[in-house]
> 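Please find one structure pasted underneath; my questions will follow.
All chains are named by letter (A, B, ...) in the order of the sequence lines, taking the proteins before the strands, and each is independently numbered beginning at 1.
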2 protein chains.
Amino acid sequence: MPRAGLDRAAVVGAGAALADEVGLAGLTMGLLADRVGVRTPSLYKHVAGQDDLIRRIAALALEEAADAVGGAVQGRAGSDALAAAARTFRAFVVEHPGRYAATIGQEPSGPDDPLAAAGVRLLDAFTAVLRGYEIEDRDADHALRMLRSLCHGFATLEAAHGFQWSTDIDASFDWLVAFADRGLRAM
Amino acid sequence: MPRAGLDRAAVVGAGAALADEVGLAGLTMGLLADRVGVRTPSLYKHVAGQDDLIRRIAALALEEAADAVGGAVQGRAGSDALAAAARTFRAFVVEHPGRYAATIGQEPSGPDDPLAAAGVRLLDAFTAVLRGYEIEDRDADHALRMLRSLCHGFATLEAAHGFQWSTDIDASFDWLVAFADRGLRAM
DNA sequence: GCTTTTAGCTAACTTCATTAGCCGCACCTG
DNA sequence: CAGGTGCGGCTAATGAAGTTAGCTAAAAGC
């Protein structure tokens, strides 16, 4: 039997892709094994178990999100940067609902946990956006949490099809970003 | 064998309480059966299965949240109503993380689904809050979604221990409510 | 070429959700 | 008050999913 040539990154990447397709709850070790062309127990040579797999998918998702948002903010400032960051984040969550769902409820185990590092990088991208507004130091953390709650809340509700009725969702998001922008500029 | 005197409401209520204690992912049919003093298969006399159970827990959670927020808004208007609604909602989610988590990702099956009715009631409570501001009709849906995203995002992040560093979480929430209030009053 | 490492496999175990089928308590009627 | 009936509880069994143990053979290193 020829070896499949798997490694940890390949398993985690395939797991993330599968989670996006079938939902995080539908991500099963057997399904993932099929996908990568291997029997289920072989996966345990690369990840410690399902919890470990999901944790690594979460770290991957945070890294990708941080890269995307960080890249979108490059060369922009103020309202432009805010809009780019928010739209990029929302697009990432909606296009990758499974891997983003993996990030929810993960507690970083320690300071050198890659999960924590990736989370900090993502927050840093939003912090950079806020530097384009005149915000007092004592408000900075609050403003960051506001922005995060807004983006996280909207994107997760949208990904879960939580917006029922007919008003255009893109229009709502643009409205919401403009609302935040006006509020931040008025400080 | 003496009958336990269960009914559907008792099973769903105990399931919701258990979900709050051990997390939605830890809610198992066996654990719930133990809790209500019955063997696992007996639960199936009251709910169709785990999916049905979680769906009913979600409906219960939305009803309770709608009652709580609706009650908090009674007799208040404007900024007062907004603060009361937001704080009540956040408190509900943080105190009942398991049952609120059950609501995420539930698609109402039809127009007479009690889940949909409860969801509408909760949204109505927030709609009532927005009536205290001078918002044009074409902005109403967007403002409602903004409020919902903000409250949902903050509360779920807090319930998942998503706010890492030390700044006071209560202070952040008050700040965030005041931010939304200023923005809505400035429209 | 020989040894060592290690990715993959089969077989087996455990936990859970779920179904089938039985049994007796509680009510309800005559 | 006796008999019937329905419903809530039970035991036993099935199937899916995660996980572990132990074997084998392919790759990598000497």
> Treat each ILVMFWY residue as a node, draw an edge where side-chain heavy atoms are under 4.5 Å apart, and state whether B:Ile169 and B:Phe179 are in one component.
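As far as the 4.5 Å side-chain criterion goes, B:Phe179 and B:Ile169 are connected within one cluster.
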> Starting at the 5' end of nucleotides 17-23 of chain D, put B wherever the base has a protein heavy atom under 4.0 Å, S where only the sugar-phosphate does, and a dash everywhere else.
SSBB---
> Rounding to a whole Å, what distance do you find between B:Leu43:CG and D:dG9:P?
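From B:Leu43 CG to D:dG9 P: 9 Å.
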> Closest heavy-atom contact between A:Arg145 and B:Ser172?
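That would be NH1-OG, 3.0 Å.
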> With rounding to the nearest 0.5 angstrom, report the OG1 to CG distance, B:Thr40 to B:Leu32.
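Here the rounded value is 9.0 Å.
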> Are A:Tyr100 and A:Phe163 connected in a single hydrophobic cluster, I mean Ile/Leu/Val/Met/Phe/Trp/Tyr linked by side-chain heavy atoms less than 4.5 Å apart?
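As far as the 4.5 Å side-chain criterion goes, A:Tyr100 and A:Phe163 are connected within one cluster.
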> Please give me every residue in residues 7-24 of chain B whose heavy atoms get under 4.0 Å of an atom in DNA chain D, ordered by residue number.
none
> Can you say whether the rings of A:Phe154 and A:Phe173 are parallel (under 30°), tilted (30 to 60°) or perpendicular (over 60°)?
tilted
> One pair to check against side chain to side chain contact (heavy atoms under 4.5 Å, CB included): B:Thr156 and A:His152. What are the steps and the verdict?
CA-CA 9 Å; B:Thr156 53; A:His152 172 83; 3.6 Å; yes
> Check A:Gln106 against A:Pro108 and note the closest heavy-atom contact, atom names and distance.
O-CD, 3.6 Å
> B:His46 side chain N/O closer than 4.0 Å to the phosphate oxygens (OP1, OP2) of D:dG9?
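Checking D:dG9 against B:His46, a side-chain N or O does come within under 4.0 Å of OP1 or OP2.
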> I need the minimum non-hydrogen distance between A:Ala59 and A:Leu115, along with the two atoms involved.
N-CD1, 3.4 Å
> Grab the CZ-C1' distance between B:Arg39 and C:dC23 for me, whole Å please.
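From B:Arg39 CZ to C:dC23 C1': 15 Å.
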